[in-house]
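To start, the structure under review is shown below, and the notes come after it.
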Amino acid sequence: MKTNKPILLAKDGIFLILLLLVAICQANANSIYAVASTNWSLTTTWNGGVVPTSSDDVLIDGGYTVTVDLTGQACNTLQLGSSTTGTLTFSGTSDLTVTGAITVSGEVSFAAAGTITMTSGATLTAGSIVEGWVTGTYNLNAGTINTTGSFSLPSGATSFNNLTISSGTLSLSSTISAAGTITVNASGTLDPVYYLHHVNGTLTGYGTIVIYRTGQPDDLLYEYPGTLILTNLTLNYYGVSSFANLSNSLSCANINIFGADGLNIFQPVTVTGTITVAPGSSLNTEFDSYIHGNVTGGGFIYVTHTNGTDDLTTQFTGSINLSTLTVIYSGGTRQNITTSGFSNLVINNNTAAGAIFKADITVTGNLTLGYGANFYGDGTHTLTVDGNATIAGTASFQTYPIGYGGLNGSNFTIGGTLSGAGSLNMWANETVTIGGDMTITGFQADDNSGVSPATLIFNGSGSQTINPGNTGSGSYAFDYLNIENTSGTVTMDGNATVSQTTTISSGAALAFASGNTINGALTGNGTLNVTATGNSNDLTTQYTGSLTLTSLTVAYIGTAPQTIAATTFKNLSINNSNGVTIASGSSTVTGTLTLTNGVLNTDASDLL
């Protein structure tokens, strides 16, 4: 038993030696360390008899308390406490600037805590305030704390007199309060980090504050319940998992909106600078929430004002960067559009009155009509969409209410595709021009009166497909159908009825899927492709109306044997490997006969 005691003593000795070595190493790691509890400005306070400067790393431990007693004191970094405690305090209007970090407590498990004690009139400026192994003590409810770097404030630092964020981002680990003022300077940001962290006190400045979605009626007032002087501040809203809410009228310098949802604004807001809606985020308005200020960004803005001369510019009274924003109309009754130059335009107004354009409107991107939405033209103006049009609701480019006869139609030009499960209705002399495919489920281009027929034009720069949404068995009804695409064939995968005339322009070509037909007059000087097979006259079986072939080229391109009855052609082209047969009577080609592929059988008939 006696032999164990020296071993225990040896272990205790080793522990003490290690503790001493840690203290020595920490002291040597700092260029200056305290050797007495006296004033910062005295040489006798520091080892080597030198007062620290802005290039020095300083350690206060050994149970010492050092008092900053003059203005203009400085150091590079400051550590309070290591293996033993260390305290920093102030007197009068003294100030200390620490360029880098103030570390409160040591970095090892047996470290001792450090303490900061502020006094009235004193100022402590720090690049950051961090903690080592143990929690520090913070008596900050006097004087001013000034931060210049980006860091998370220790959770124990909660009560301040004045707090100034000069630069960088100060992130909170808990709720804070200030008896005096919290000032966020132009290069500074105050970030509560979590929606349960509150900032109590008078808030002012020229910098940025962050507001998170809290689920409360007004997230700003919930997170910042003190006195708010927002005139020169920028507000960064983060709407994640749901929209953040702003339900009180305010005036500020700028608003930035982030998050997959965004910000609901319920009252008028005045912004002297800019509202920026980040890509993927949204600014959602209520009917009487007017936005006074410039709006930009790559996100979405919702227009809810109704019955204005132009509801967008009535609700958003500043400049609007339409070249990057997506504008969504979602009012509860009639909405009027006279603004042009949209990047992307969405109509979600599903009232019977819907949205109506009353000027020539251009959309450089895409047009989308939401489910149940209604979009109207005023009968005199043109809508041009350079991109695609997707319609889940109803687009009726007519005078509202619906009118017939003698009306000048609203024209609609789509550079891309026309698609969706909704309906496009054309009325009264209107023209719709499509540069891409047409696959919309519902389409009516027949005013049912014959007085003011509408025109549908296909003029793409490559092959185009017309598919009524039910491949092979669906159908469209047209008034005038013009095929003006000189760069590819326009193919109909469905049936069509044309109340007036189908015209194929020179250099253009029209084709139907093998089992589909078109009814109505057909003319032009382009190419008419015949794909029907197995009939006594495949041309007239597929094109069942009045055919004016005087200037057309008729091309037989079937995938099975095809038949020609007695017909007079301008130009005739055979491109069917299974052959084409002239079955009865004489057929005449007044222009050119082209045999590209397959055999032309005349049987007992003549080809003149």
Side-chain angles (χ1 to χ4, degrees), residues 172 175 182 184 189-205 208-278 280-297 299-308 311-318 320 325 327-333 335 348-349:
L172 301 186
T175 293
I182 300 172
V184 185
T189 299
L190 176 57
D191 185 354
V193 177
Y194 188 54
Y195 70 87
L196 292 179
H197 298 159
H198 306 285
V199 178
N200 299 290
T202 299
L203 179 68
T204 187
T208 301
I209 64 172
V210 178
I211 304 101
Y212 292 93
R213 181 198 68 83
T214 66
Q216 302 299 315
D218 192 300
D219 296 305
L220 172 65
L221 298 185
Y222 183 74
E223 288 190 278
Y224 299 86
T227 301
L228 303 180
I229 304 172
L230 304 174
T231 308
N232 299 308
L233 284 169
T234 294
L235 312 185
N236 282 2
Y237 276 91
Y238 285 83
V240 181
S241 299
S242 184
F243 280 85
N245 294 319
L246 174 56
S247 59
N248 288 273
S249 181
L250 62 77
S251 177
C252 64
N254 303 288
I255 294 178
N256 298 317
I257 302 171
F258 303 95
D261 291 296
L263 175 64
N264 289 321
I265 295 182
F266 297 95
Q267 293 293 330
V269 168
T270 299
V271 176
T272 56
T274 303
I275 298 175
T276 302
V277 186
S281 198
S282 300
L283 169 55
N284 188 32
T285 59
E286 291 297 314
F287 168 76
D288 55 357
S289 56
Y290 297 94
I291 311 301
H292 306 296
N294 302 325
V295 184
T296 189
F300 307 90
I301 61 171
Y302 285 78
V303 181
T304 55
H305 191 274
T306 58
N307 291 314
D311 288 304
L312 172 63
T313 56
T314 299
Q315 189 154 41
F316 294 84
T317 62
I320 308 167
L325 289 163
V327 178
I328 302 173
Y329 285 82
S330 58
T333 183
Q335 291 184 286
N348 278 345
N349 185 325

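The residues of the chain are indexed from 1 along the displayed sequence.
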Q.
Within the 4.5 Å heavy-atom criterion, are Leu250 and Leu220 side-chain neighbours or not?
A. yes
Q: Measure the spacing between CG of Leu246 and CG of Asp218 and express it to the nearest 0.5 Å.
A: 5.5 Å
Q: Quick one: closest heavy-atom pair of Ser249 and Pro268, and the distance?
A: OG-O, 2.8 Å
(Q) So which atom in His198 and which in Pro225 form the shortest heavy-atom distance, rounded to 0.1 Å? (A) CB-CD, 4.3 Å
Q.
With rounding to the nearest 0.5 angstrom, report the CD1 to OG distance, Ile229 to Ser251.
A. 12.5 Å
Q) Do Asn248 side-chain atoms and Gln267 backbone N/O form a donor-acceptor pair below 3.5 Å? A) no
Q. Is any side-chain heavy atom of Leu283 less than 4.5 Å from a side-chain heavy atom of Ile255?
A. no
Q: Give, for atom OG1 of Thr204 and atom CG of Asn232, the distance between the pair rounded to the nearest 0.5 Å.
A: 7.0 Å
Q.
Rounded at 0.5 Å granularity, tell me how far CG in Leu312 sits from CD1 in Ile328.
A. 12.0 Å
Q.
Within the structure provided, determine whether Tyr222 and Leu196 are in side-chain contact (heavy-atom separation under 4.5 Å).
A. yes
Q: Look only at the side chain of His197 and the backbone of Glu223, and say whether a donor-acceptor pair between them is shorter than 3.5 Å.
A: no
Q) Any sub-3.5 Å donor-acceptor pair from Asn200's side-chain atoms to Gly226's backbone N or O? A) no
Q.
Are Tyr224 and Pro192 packed together at the side-chain level, in the sense that at least one heavy-atom pair is separated by less than 4.5 angstrom?
A. yes
Q: Could you check if a side-chain atom of Ser282 sits within less than 4.5 angstrom of a side-chain atom of Ile257, using non-hydrogen atoms only?
A: no
(Q) Give me the atom names and distance for the closest heavy-atom approach of Gly259 to Ser281. (A) O-OG, 2.9 Å
Q) Just checking, any donor-acceptor pair under 3.5 angstrom between side chains of His292 and Thr317? A) yes
Q: Indicate the atoms forming the closest heavy-atom contact of Leu190 with Leu203, along with that distance.
A: CD2-CD1, 4.3 Å
Q: Over all heavy atoms of both residues, which pair between Ala244 and Tyr238 is shortest? Give the atoms and the distance, please.
A: CB-O, 4.2 Å
**Q.** Close side-chain approach of Val240 to Tyr212, heavy-atom, < 4.5 Å
**A.** no
(Q) To the nearest 0.5 Å, what is the distance between CZ on Phe243 and CG on Asn264? (A) 5.5 Å
Q) Heavy-atom distance under 4.5 Å between the side chains of Thr234 and Val184, does that happen here? A) no
Q.
side chain to side chain contact (heavy atoms under 4.5 Å, CB included) for Asp261 and Asn284? Distances and angles first, verdict last.
A. CA-CA 9 Å; Asp261 291 296; Asn284 188 32; over 6 Å; no
For residues 299-307, please give each side-chain donor-acceptor pair under 3.5 Å, one per line with the distance, not counting sequence neighbours.
| residue | atom | partner | partner atom | Å |
| --- | --- | --- | --- | --- |
| Thr304 | OG1 | Thr285 | O | 3.2 |
| Thr304 | OG1 | Thr285 | OG1 | 3.1 |
| Thr304 | OG1 | Glu286 | O | 2.9 |
| Thr304 | OG1 | Phe287 | N | 3.3 |
| Thr304 | OG1 | Gln315 | NE2 | 3.1 |
| His305 | ND1 | Asp311 | OD1 | 2.7 |
| His305 | NE2 | Tyr290 | OH | 3.4 |

Q: First locate atom OH of Tyr237, then atom CG of Asn245, and finally report the distance between them rounded to the nearest 0.5 Å.
A: 9.0 Å
Q: Could you pull out all residues at least two apart from Asn256 that satisfy side-chain hydrogen bond (donor to acceptor under 3.5 Å, both in side chains)?
A: Asn236
Q.
Give me the atom names and distance for the closest heavy-atom approach of Asn254 to Val271.
A. CA-CG1, 3.6 Å
(Q) Is the shortest side-chain heavy-atom distance between Asp219 and Leu263 below 4.5 Å? (A) no
